[in-house]
Amino acid sequence: MRTELRIVAEAGRRPRVIARGGLDARETGPGRLHLIGTAATPLGGDHLEILIEVRAGAQLQVRSVAATLALPGRSEVHSTSRWVFEVGEGGCLEFDPEPLIVAGGSEHSARTEVVLGDGSHLRLRERTQMGRDGETGGAFTGTLVADVAGRPLLRHAVELGAGSAIDDVLVAPRAMSSELAYPDARPACVDGLHSARLPLAGGGTLTTWLGARLLADPSESFGPNC
C-alpha cells in the first residue's frame, strides 16, 4: 500500500490536510495536529510519503495519537517512508510523534528531508524501538538531510538491529531517540556512551540517544550536567 499525506500550514488559516492511504491527521487545537492511523501500515512492501509544509510566518505543532508499528508483510519484509519538512521564513514547526516500533522480522528504511528558510524555527524529534516486548530481530535504517536557505546543515544516518554496524555482542542498542533543534545555541554535551548533543556548524544542534529500550520521558536521556 502507498500512503500519501500532505499538511500545509499558513499564517491566519487552519491547516489543510490531504490524505490517501493508511495515515491521516486531525486538528486538535489552534495550530496543532495529531497524526492518526486509518489502516495497518507500514507492512512489508508499503511506502509512506509525507510532506509537512509550514509557510512563512505560520506555526504548527504535530503529534500522533499512538506509536507506529512496522510489520512484515506476507511476501515482503521491507517497508519505506519519506518525510519532507519545509519551513518558510519566520515559520515554526514542532514535530514530536510517538515512536516507530519495528517488529521482529520486519525491516524499515526512513528518509527525512528538512528545508528551512531564514529565521525559521524547528524542533524535530524521531524515536525508534527495535522489537515489541520479548522480540528480537528486525532492522532499521534512517537518513536525515537538512538544509537552511539552500546551505547544507546536516547529513546524518543511523542503523539499528540485525546486520547493522553497531549490532555486536558488546553494545547492540535496540532503541534510538534523535532531536534536531534549529536555532539552538546550547553547547556540546556528552553523557557516557549513550547520548550526545552536538552543535552544528550552520547553527542548531543534533541530540542522539541510544539504548536498549526507549525512555518514557525523553528528557531523561541526559544527566544533570547537561
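Only heavy atoms go into these numbers, but all of them, side chains included; no hydrogens, no water, no symmetry mates.
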Inset, instruction - Decide side-chain hydrogen bond (donor to acceptor under 3.5 Å, both in side chains) for T38 and D24; before the verdict, give the C-alpha distance in whole Å, the side-chain angles of both, and the deciding distance to 0.1 Å. - result: CA-CA 7 Å; T38 58; D24 207 333; 6.0 Å; no

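- Hydrophobic clustering (ILVMFWY, side-chain heavy atoms < 4.5 Å, transitive): L160 and W83 are in distinct clusters.
- Of the candidates T68, I50, I36, L23 forms a side chain to side chain contact (heavy atoms under 4.5 Å, CB included) with just one, namely I50.
- Within the model, atoms CE of M1 and OG1 of T41 stand 4.0 Å from one another, a figure rounded to the nearest 0.5 Å.
- For the pair T80 and L48, the minimum side-chain heavy-atom distance is 4.5 Å or more.
- Formation of a donor-acceptor pair under 3.5 Å by the S64 side chain with backbone atoms of H34 is not found in this model.
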Inset, instruction - Go through the steps for V102 and T128 under the test side chain to side chain contact (heavy atoms under 4.5 Å, CB included), then give the verdict. - result: CA-CA 7 Å; V102 182; T128 304; 4.2 Å; yes

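- Rounded to the nearest 0.5 angstrom, Y182 OH and L116 CG are separated by 7.0 Å.
- Rounding to the nearest 0.5 angstrom, the gap separating the OG atom in S177 from the NE2 atom in H194 is 14.0 Å.
- Using a cut-off of 4.0 Å between Lys/Arg side-chain N and Asp/Glu carboxylate O, R63 and E98 are scored as not salt-bridged.
- The shortest distance between side-chain heavy atoms of L154 and V145 does not fall below 4.5 Å.
- Taking the charged nitrogens against the carboxylate oxygens, R6 and E4 have no contact shorter than 4.0 Å, which rules out a salt bridge.
- A 6.0 Å sphere centred on CZ of R213 holds more than 12 heavy atoms belonging to other residues, nucleotides or ligands.
- Using a cutoff of 4.0 Å between basic side-chain nitrogens and carboxylate oxygens, R32 and E27 are not scored as salt-bridged.
- The backbone N or O of A175 sits nowhere less than 3.5 Å from a side-chain atom of Q129 that would complete a donor-acceptor pair.
- Rounding to the nearest 0.5 Å places CG of D147 at 7.5 Å from CG of L153.
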Legend entry - E107 and S79: CA distance, side-chain angles, deciding distance, side chain to side chain contact (heavy atoms under 4.5 Å, CB included) verdict: CA-CA 6 Å; E107 300 175 1; S79 57; over 6 Å; no

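- At distances below 3.5 Å, not a single donor-acceptor pair connects side-chain atoms of Q59 with backbone N or O atoms of E10.
- Side-chain contact between V114 and L122: present, with at least one pair of heavy atoms (C-beta onward) separated by less than 4.5 Å.
- The number of heavy atoms from other shown groups lying within 6.0 Å of CZ (R155) is above 12.
- Note on M176 and I101: separate hydrophobic clusters, where clusters join Ile, Leu, Val, Met, Phe, Trp and Tyr whose side-chain heavy atoms are under 4.5 Å apart, directly or indirectly.
- Using a 4.5 Å heavy-atom cutoff, the side chains of L60 and V62 are in contact.
- Atoms CD1 and CD1, from I18 and I7 in turn, are 10.5 Å apart once rounded to the nearest 0.5 Å.
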Legend entry - Step-by-step side chain to side chain contact (heavy atoms under 4.5 Å, CB included) determination, V17 to L33: CA-CA 10 Å; V17 178; L33 293 174; 4.2 Å; yes

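- If you chain together hydrophobic residues whose side chains sit under 4.5 Å apart, L5 and L124 fall into the same group.
- Within the 4.5 Å cutoff, the side chain of L71 has no heavy atoms near those of the S106 side chain.
- The two residues A11 and A58 come nearest to each other via the heavy atoms N-CB, 3.5 Å.
- By the 4.5 Å heavy-atom criterion applied to side chains, L51 and F85 are not counted as neighbours.
- Contact record, A40 with D46: O-OD2, 4.1 Å, taken as the closest heavy-atom pair.
- Closest approach of T3 to G22, counting heavy atoms only: OG1-N, 2.8 Å.
- What you find for W209 and S195 is that their closest heavy atoms are CD1-CB, 3.8 Å.
- Closest heavy-atom contact between A110 and F140: CB-CE1, 4.0 Å.
- Within the 3.5 Å criterion, the main-chain N or O of L214 finds no donor-acceptor partner in the side chain of R174.
- Interatomic distance, CG of L206 versus CG of L144, reported as 7.0 Å (0.5 Å rounding).
- Smallest separation of non-hydrogen atoms from P199 and P187: CG-C, 4.0 Å.
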Inset, instruction - Check step by step if side-chain hydrogen bond (donor to acceptor under 3.5 Å, both in side chains) holds for S81 and H47. - result: CA-CA 5 Å; S81 60; H47 176 70; over 6 Å; no

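- Side chains of T205 and L198 form no contact here, defined as non-hydrogen atoms less than 4.5 Å apart.
- A 4.5 Å side-chain heavy-atom check between L180 and S178 finds every atom pair outside the cut-off.
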Legend entry - Audit row: R2, E49, side chain to side chain contact (heavy atoms under 4.5 Å, CB included) steps and yes/no: CA-CA 8 Å; R2 180 179 176 87; E49 187 82 16; 4.0 Å; yes

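- If you check the side chains of T112 and E126, you find a donor sitting under 3.5 Å from an acceptor.
- R123 and D96 are joined by a salt bridge, as a carboxylate oxygen and a charged side-chain nitrogen come within less than 4.0 angstrom of each other.
- Looking at D184, its side chain never comes within 3.5 Å of a backbone N or O of A181 through a donor-acceptor pair.
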